[in-house]
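Just so you know, ligand 1 is whichever comes first in the structure, and atom 1 is the first atom listed for that ligand. Treat the numbers as computed from the prediction; the structure is a model and nothing was measured.
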Amino acid sequence: MRDLRFDNRFVRELPGDPEEGRHVRQVHGACYSRVEPTPVRAPKLLAWSREVADLLGFDAADVRSQRFAEVFGGNALLPGMEPYAACYGGHQFGNWAGQLGDGRAITLGETINPRGQRWELQLKGAGPTPYSRSADGRAVLRSSLREFLCSEAMHHLGVPTTRALSLVATGEQVVRDMFYDGRPRPEPGAVVCRVAPSFIRFGNFEIFAARGEESLLARLIDFTIERDFPELAQAEPDPARRRIAWFEEVCRRTAVLMAHWMRVGFVHGVMNTDNMSILGLTIDYGPYGWIDNFDPDWTPNTTDAGGRRYRFGHQPRIAHWNLWQLANAIYPVIRAVEPLERALVAYADVHEAEYRRMMQAKLGLADWRAGEQADDGLLEQLQRLLQRGEMDMTLFFRRLADVDLEAPSLAVFEEAFYDPSARAAVEDELVGWLRAYAARLRIDGVPGAHRRAAMNRVNPLYVPRNYLAQQAIDAAEAGNVGELEALLEVLRQPYVEQPDSERFAARRPDWARNKAGCSMLSCSS
Ligand code: AMP
Ligand code: MG
């Protein structure tokens, strides 16, 4: 397997923990602790992303070599790798949780690919670090497969996300109490290699603010701008104005990300500030889920079932709350309230504009009309009907392009209904809505074929539905990764109807309605 070129700026330019070893501790005055992955018994490559391999400069022969499994399972290092675990804190479910840090993630290094792009390689499930607290530093196959699959699916859907290079089985068992019912059982372990320009989170800044380590806070901010926002560093030479421009950009990217999640029906499940990427990427795939029947109140995370803080429809507001925490954290360096507040107000404006723009495209409208023919009203009414009618979000929007505008009916939506009585309750109103929609489209006057093609480019047919991921997990645990490969293959082109792939477009089957992993997930991973 070929070597990669590394340029490890994070460990080179920022202060590290002087203490060595993996023992659990509070780490002060440092951004990271140097720690190597703990070797595993029998690393074996289960799956990989050819797009990410290509991005890094690996070919198929590299990936299939045993050395690849050794490196990306945590048993060997490539020349130039300088592994570390980052120190960060976070607000979990609304409360300050103190030091968290990479408890099972270990960054191997920052590689510069043949195109000159910087990519951080990070193993998840690579063994204990100083930030592991009471946990084991490992990850089970089911959660690793979910992270691997969804990262790549999100990328192909056009949603900003961290990527995944590989899924490696460790040949070791990991004990987890999946249902938190006091009956832990051993499960196969795995390691994912995640890839992103940066894994810095809101929590990396919050920890220094909480501890009053202000000079370190300023260093990390300026480092982040220089390494991860080079366009800002160039455009704004004044350090104070540059930091404000940076926060504005973080707000903007987060607003765009939330609009994407809402348009595809993704529910993150654990939007704690330590799970918020400073680059505005989807990060830390845990008990996430995909909306089947449209329901803004739904959350897949059983740990959050009580308050539903992180439910689907609440995500944009939670991101805003998280940005407030980031603003509070960086205030000691910015020392001005007004520009931070302005950026937070702009967040809501950007989010609304982006959300509208995306929904306009999903509906196939040529523009967004305010006032008398208000499209806001059309959208709101539709969402109420989708919820009451328990309609599948993905299938509804995909089939919407096929509605006959001359004689609108529910014929094209047969597969999108989950429940006959919920359907009966909305049937008439929905047909009424379709007539209003058809009338609205006639105002645009866009030729039908043109509009349908445009709608199909933004309304995916295939998303990594929870039950599909669970089927891939069940097969992989039984030793068959073919199911995962087939699913990933289809998800590479989520907007293109593919032959013999109907089963990957099907709505959630009845058996999956209340099955663990399909509609409910715990944080146990
Ligand atoms: P999460 O909510 O999954 O993003 O994790 C919150 C914190 O717990 C992070 O600091 C993780 O690194 C840590 N953590 C989660 N699972 C483990 C584990 N199995 N071993 C060590 N640390 C973990
Ligand atoms: Mg996390």
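- Closest protein heavy atom to atom 20 (N) of ligand 1: Gly137 N, 2.8 Å.
- In this structure, Arg309 is positioned above the aromatic face of Trp321, its NZ or CZ under 6.0 Å from the six-membered ring centre and within 45° of the axis.
- For Arg146 and Tyr288, the positive end sits near the middle of the six-membered ring, less than 6.0 Å away and at most 45° from its axis.
- Tested against Ile473, the residues Leu149, Leu145, Leu484 include a single side-chain contact (heavy atoms from CB on, under 4.5 Å) partner, Leu145.
- Within the coordination shell of the Mg ion (ligand 2), defined by N, O or S atoms under 2.8 Å, Asn275 is present.
- Ring-plane geometry between His351 and Tyr355 is classed as parallel, the angle between the planes falling under 30 degrees on a 0 to 90 degree scale with a further cut at 60.
- Put simply, CG on Leu56 and CG on Leu121 are 6.0 Å apart, with the number rounded to the nearest 0.5 Å.
- For atom 21 (C) of ligand 1, the closest heavy atom belonging to the protein is Gly103 O, 3.1 Å.
- The Arg176 neighbourhood of ligand 1 comprises atoms 19 (N), with distances under 4.0 Å to a heavy atom of that residue.
- Looking at atom 4 (O) of ligand 1, its nearest protein heavy atom turns out to be Asn275 OD1, 3.0 Å.
- Contact annotation for Asp284 and ligand 1: only side-chain heavy atoms (C-beta onward) come within less than 4.0 Å of the ligand.
- Considering backbone and side-chain N/O of Arg138, one or more are found under 3.5 Å from N/O of ligand 1.
- In this structure, Thr161 contributes its side chain and Leu281 its backbone to no donor-acceptor pair below 3.5 Å.
- Listed for the Arg311 side chain is no donor-acceptor partner under 3.5 Å among the backbone atoms of Asp297.
- Protein heavy atom in closest approach to atom 3 (O) of ligand 1: Arg104 NH2, 4.4 Å.
- Between Phe10 and Tyr32, the ring planes are tilted. Angles from 30° to 60° get that label.
- A salt bridge between Glu70 and Arg67 is absent, with no side-chain N of the basic residue lying under 4.0 Å from a carboxylate O of the acidic one.
- Ligand 1 has no nitrogen or oxygen under 3.5 angstrom from a nitrogen or oxygen of Gln92.
- With a 4.0 Å heavy-atom cut-off, ligand 1 is reached by no atom of Met271.
- The nearest N, O or S atom of Asp284 is closer to the Mg ion (ligand 2) than 2.8 Å.
- Residue contacts with ligand 1 do not include Gln99, since none of its heavy atoms lies under 4.0 Å from the ligand.
- Taking only nitrogen or oxygen atoms, main chain and side chain alike, Arg133 reaches within less than 3.5 Å of ligand 1.
- The protein heavy-atom contact nearest to atom 5 (O) of ligand 1 is Asp274 OD2, 4.5 Å.
- For atom 12 (O) of ligand 1, a protein heavy-atom neighbour is found at a distance under 4.0 Å.
- Counting only heavy atoms of the protein, atom 10 (O) of ligand 1 lies nearest to Gly101 O, 2.6 Å.
- Under the 30°/60° scheme for interplanar angles, the aromatic rings of Trp511 and Tyr467 are found to stand perpendicular.
- For the salt bridge (charged side-chain N to carboxylate O under 4.0 Å, His left out) test with Asp292, the passing option among Arg513, Arg465, Arg507 is Arg465; the others fail.
- Given atom 18 (C) of ligand 1, the protein heavy atom at minimum distance is Ala135 CB, 3.4 Å.
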